[in-house]
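One-based numbering, in listed order, for ligands and for the atoms of each. The structure displayed is predicted, hence computed values, not measured ones.
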Amino acid sequence: MSTKKVKVRFAPSPTGDLHVGNIRTALFDWAYARHTGGTFLFRIEDTDTTRVTDEYIQAAIDTLKWLGLNWDEGPEVGGDNGPYLQSQRLDIYAKWAQTFLDNKDAYHCYCSPDELEAVREAQRKANVAPGYNGHCRELTPEQIAAYKAEGRGAVVRMRMPEGTTTFTDEIRGDVTFDHAFVPDFVLVRADGSPLYTLAVAVDDVLMKVTHVLRGEDLLSSTPRQIRVYQAMGVAPEDYPVFAHLPFVMGQDNAKLSKRNGEVSIAWYRQAGYLPEAICNYLALLGWSPGDDRENITMAELCELFTVEKVHSSPARFDMKKLEAINGDKIRALTIDEFLSWSLPFLKDAGIITGTDSEIALVKSALPLIQERIVTLSEVPAMLAFLFTKNFAVDEASAPKIADAESKKILKRALSDLTPLASWDHASIEAALRASLIEEMGLKPRIAFTALRIAATGSTISPPLFESMELLGKEVCLERIAGAISL
Ligand code: GLU
């Protein structure tokens, strides 16, 4: 890559929640800026006012913050090249469009949608490349006057000269586009609003962006952007460096979309994935650190990220791998970190309200489940038994303790636990092993499953004796007695 001080930008159009592909791009942009000691610029491309909403813009900002992808220039942070919302820069685009018109790089096109459709239809029939046929390129003043008299509106179109555009993509190598397939394109709609190609190119120049790392789906818009740079008078050595990141595919090898996988980052957040896990996993989608490690921290990513190590072939999204990484990241949390990630899930599920005593009990219980869960959303179900006011054995488990054998086990446990002086997990276990396993000769799985159901209401719970300790003697004995009389 070039030796310029790096400025790399992430420029989403928030027409919905940011998805896996967007965030993979944002992550690579961020990591590249951090690796090079450059600037990470965040710009909102909201010129399509029919599809971008304020809520989605705010959600995009929140998602980046939540993931820890902090930016140096952009919304909320500011910077010397703002505003960073394109909707606040419309006069800038209008001025450049006018300059292009004045210099004859662009022209007004009066063709109606019906006429354009007729051209496309004729091109389809003749089996030639679709695109604008240049009808309005050289209109005479009389023709223009006639169109205006008809009351027609006009778009601004960029004149694409004959020839080719070649640029070096840092991932794909030299890429050439023949302009026969890059027809004159619209810069400004008839209502005066700018199109993506105009706004993105003008902003990359004015915001002094040096590197454009973005999804492969935008590869074909590059020759148009380069045409805008030319019309702005930018010297070729000052064009940004391009690197188009490989597609992210679903398990079925089709491009990842709502259809073949969960794509919204908001969904992963709600489902209890940690931002570090998402970033770790997405970092491996199309990039590798150079060895086969799968657990990397954000600091390691910044240290190791280079564009040379980005693959050119598509990456496949693998939910199982993301789950495994999330489980690893949960296990690596300190108990205080685990606590603060878990509390919102417990509150949202209505398990706790957040009193000090509840929080203290959650904190004592978390070590019991840290090894056992893959997502934070499992925490409420795992810990509900400690807090429930209306305890009941779950429907699937109730029949398993309804038989005479189970009642016998529970009665014996009740009578042996009742006199127990110290209620800690070691004493509980010793008492139960002595009576149920050694004296009654039961298999541990049978004896302890019955007790687990009686005490926690389910066959799935944190470790039994520790759970019983946390529940406290009184509650445990009550629940066992209740199970006996079920
Ligand atoms: N705003 C464009 C999009 O979200 C991306 C702009 C770019 O990276 O060039 O698709």
Side-chain angles (χ1 to χ4, degrees), residues 6-33 39-53 56-61 63-64 69 71 73-75 81 83-90 92-93 165 167 169-172 175 177 182 185-187 193-229 232 234 239-248 255-258 263-266 282 286 307 310:
V6 167
K7 187 188 276 189
V8 57
R9 90 304 195 267
F10 174 56
S13 306
T15 53
D17 285 323
L18 294 185
H19 54 75
V20 166
N22 296 134
I23 292 303
R24 199 269 314 252
T25 299
L27 180 67
F28 285 17
D29 287 332
W30 175 85
Y32 188 64
T39 301
F40 178 47
L41 184 148
F42 178 23
R43 178 174 74 226
I44 304 280
E45 305 213 319
D46 59 342
T47 54
D48 185 352
T49 47
T50 57
R51 294 170 64 220
V52 178
T53 66
Y56 288 140
I57 292 174
Q58 193 55 49
I61 292 171
T63 298
L64 246 60
L69 304 180
W71 54 97
E73 272 188 49
N81 303 284
Y84 295 91
L85 261 67
Q86 288 189 329
S87 58
Q88 296 171 6
R89 302 172 63 80
L90 299 179
I92 300 175
Y93 312 129
T165 297
F167 62 94
D169 184 283
E170 294 293 313
I171 296 168
R172 267 142 246 285
V175 182
F177 284 90
V182 189
F185 54 94
V186 178
L187 295 168
S193 60
L195 271 98
Y196 159 72
T197 322
L198 173 63
V200 75
V202 165
D203 283 350
D204 283 343
V205 172
L206 299 185
M207 295 180 180
K208 305 177 196 72
V209 167
T210 62
H211 289 73
V212 173
L213 273 66
R214 61 179 178 187
E216 191 181 331
D217 49 329
L218 293 163
L219 183 68
S220 64
S221 73
T222 310
R224 287 188 274 272
Q225 278 159 244
I226 289 178
R227 177 71 185 100
V228 178
Y229 304 153
M232 291 176 81
V234 179
Y239 296 169
V241 172
F242 286 93
H244 287 91
L245 308 170
F247 283 123
V248 180
K255 200 176 155 213
L256 187 67
S257 70
K258 279 210 169 69
V263 291
S264 137
I265 293 297
L282 292 184
V307 175
V310 176

Any side-chain donor paired with an acceptor under 3.5 Å for Glu45 and Tyr196? no
Could you give all pairs that pass the salt bridge (Lys or Arg N to Asp or Glu O under 4.0 Å) test and reach residues 196-205, with sequence neighbours left out? Arg9-Asp204, Arg43-Asp203, Arg43-Asp204, Arg89-Asp203
Taking the side chain as everything from C-beta on, heavy atoms only, tell me whether Ile171 gets closer than 4.5 Å to Glu216. no
Of all residues at least two apart in sequence or in a different chain, which pass the salt bridge (charged side-chain N to carboxylate O under 4.0 Å, His left out) check with Arg214? none
Polar pairs, ligand 1 vs protein, N/O only, below 3.5 Å.
| residue | atom | partner | partner atom | Å |
| --- | --- | --- | --- | --- |
| ligand 1 | 1 (N) | Ala11 | O | 2.7 |
| ligand 1 | 1 (N) | Ser13 | OG | 2.8 |
| ligand 1 | 1 (N) | Glu45 | OE1 | 2.7 |
| ligand 1 | 4 (O) | Ser13 | N | 3.1 |
| ligand 1 | 4 (O) | Ser13 | OG | 3.4 |
| ligand 1 | 8 (O) | Arg9 | NH1 | 2.8 |
| ligand 1 | 9 (O) | Arg9 | NH2 | 2.8 |
| ligand 1 | 9 (O) | Tyr196 | OH | 2.8 |
| ligand 1 | 9 (O) | Arg214 | NH1 | 2.7 |

Pick one: which of Ile92, Leu187, Val186, Leu90 meets side chain to side chain contact (heavy atoms under 4.5 Å, CB included) with Pro194? Leu90
Tell me the salt bridge (Lys or Arg N to Asp or Glu O under 4.0 Å) pairs involving residues 10-27, sequence neighbours left out? none
